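These numbers come from the heavy atoms of this one structure, side chains and all, not from hydrogens, waters or symmetry mates. Every value quoted in this text rests on a predicted model; they were computed, and no experiment measured them. Both ligands and their constituent atoms are indexed starting at 1 by order of listing.
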Amino acid sequence: MAAVNPIARARRVVVKVGSALLVDAETGRPDGSWLAALGSDLARLRSRGQDVVVVSSGAVALGRRRLGLGGRRLTLAEKQAAASAGQSELMRAWEATLDAHRLIAAQVLLTPDDTEVRRRFVNARATLQTLIVNGATPVVNENDAVATEELRYGDNDRLAARVAQMAGADLLVLLSDVDGLYTADPRKWPDALHLPRVERITPEIEAMAGGPNPEAGVGSGGMTTKIAAARIAAAAGCRTLIALGRALRPLEALESGARHTAFEASEAPAAAYKAWIAGTLVPRGVVVVDAGAARALAGGKSLLAAGVTDAQGHFGKGDAVLVRGPDGRDIARGLARLDASDIRRIRGRRSEEIEAVLGYWPGPVIHADDLAASEAGAA
Ligand code: GLU
């Protein structure tokens, strides 16, 4: 069977780079030649028209050296300080890496709230989308300088999966120190079998992962967090590859058939996102629209204030709402881009007037990407 290139067909790719790959163990500085080679890999994806988002660790490891903290266990405050000093060095390395290919690096620092609290999720999602549309390559990390122990991801595997979900990516590549998932830990069990493909993450698959790698000096993810990441990504319609990152140009290696494990997604990202809006979220209010807007929505358009006749309830920006037609039937669910009181202030108004009322231009009340037609409404 000819090997299928696992990257070629992806539209938007999130590449997660761990500290152990990026930080030279000898010098404690960014590994320039490894990064330069990865830069060529990323540039090739971009030249084929694929969108790229990088999730990069390394801040704490780089900051340790800069602040002279050595290899010892750090207190929370020291870890935060190291992350702060290291993050700027990390971005300097990414700037140089991407600049070499005329790509624009754009730093995005996230906390779990940005991905778990809906209002901030919608906000961070818009930032990522706008960066990508404007040709930048987002370089994302956790905002470790202010993240407390209870309120942090702690590992960038799950952060990367959340970023893939937010960015509507269809491929997540976790570059790692192992070439995928084995039936048991291959360091302990030499006859463990490699799994090239995982259709669905079952309890058996989770049991194969074991705990984090205790020998890893830097970075905090293990196979367990990678499986957790693959699960989040799969639910968001994104495929996950776990592959070796150590060699130069790891993505090219993957494209030429390097061993990896692929975790399949259940559906396309857009469909998964709409299913999440339609099924999982509890509506916090109702936006009533006129017949013209109802027709526009059925045709896949965004909801503009001009077609809104009322907003009911106390929902906030980013909350899920029901969209109700003039006949009282619910036609869709969506994420409101404005809170209820602002929608009431601009309902029925034309786009030109809205900026004067609100003092800024908010865009549509609900963007087409954030709208899911109701089953009943589709009838
Ligand atoms: N965000 C952390 C850093 O930049 C790394 C987390 C991880 O190792 O996954 O140092």
Side-chain angles (χ1 to χ4, degrees), residues 14-25 27-31 34-35 38 53-67 69-95 97 105-116 124 138-164 166 172-178 209 211-233 240 242-243 245-246:
V14 174
V15 180
K16 185 259 173 178
V17 175
S19 307
L21 297 174
L22 186 142
V23 183
D24 185 319
T27 64
R29 291 176 189 269
D31 184 338
W34 185 82
L35 268 170
L38 182 65
V53 177
V54 173
V55 175
S56 177
S57 308
V60 176
L62 293 171
R64 266 182 189 276
R65 186 200 51 82
R66 286 191 95 184
L67 299 183
L69 294 170
R72 66 181 163 81
R73 194 183 159 79
L74 302 180
T75 64
L76 174 62
E78 284 171 336
K79 215 184 278 176
Q80 290 173 317
S84 172
Q87 182 64 29
S88 53
E89 186 177 18
L90 182 63
M91 277 319 290
R92 199 154 13 105
W94 277 109
E95 289 277 0
T97 302
Q107 171 180 271
V108 179
L109 297 178
L110 296 174
T111 63
D113 274 0
D114 297 314
T115 60
E116 313 302 331
V139 179
V140 184
N141 196 3
E142 182 161 13
N143 194 357
D144 289 311
V146 293
T148 59
E149 219 50 87
E150 322 78 69
L151 283 175
R152 68 196 287 262
Y153 288 100
D155 71 84
N156 275 13
D157 294 321
R158 279 174 307 157
L159 172 66
R162 288 291 183 206
V163 168
M166 277 204 290
L172 166 64
V173 183
L174 300 175
L175 293 178
S176 168
D177 58 353
V178 280
N213 174 11
E215 285 128 55
V218 287
S220 42
M223 195 47 79
T224 309
T225 67
K226 290 186 174 48
I227 302 286
R231 178 192 282 291
I232 295 168
T240 299
I242 297 179
R246 192 59 281 168

Does Gly58 come within less than 4.0 Å of ligand 1, judged by its heavy atoms?
yes

More than 12 heavy atoms of other residues, nucleotides or ligands under 6.0 Å from CZ of Arg66: yes or no?
yes

Checking heavy atoms under 4.0 Å, the part of Asn141 that sits near ligand 1 is side chain

What part of Asp144 sits under 4.0 Å from ligand 1 if we count only heavy atoms: the side chain, the backbone, both or neither?
side chain

Only one of Leu21, Asp31, Val54, Leu175 clears side-chain contact (heavy atoms from CB on, under 4.5 Å) with Leu38; which?
Leu175

Just by distance, do the side chain of Trp34 and the backbone of Gly245 share a donor-acceptor pair under 3.5 Å?
yes

So, using salt bridge (Lys or Arg N to Asp or Glu O under 4.0 Å) as the criterion, who are the partners of Asp24 when residues are at least two apart?
none

Which ligand 1 atoms, with their elements, are less than 4.0 angstrom from a heavy-atom of [X]?
| X | answer |
| --- | --- |
| Val60 | 3 (C), 10 (O) |
| Ala59 | 3 (C), 4 (O), 10 (O) |
| Asn156 | 1 (N), 6 (C), 7 (C), 9 (O) |

Please list, chain by chain and in numerical order, all residues satisfying side chain to side chain contact (heavy atoms under 4.5 Å, CB included) with Ala243, sequence neighbours excluded.
Leu254, His260

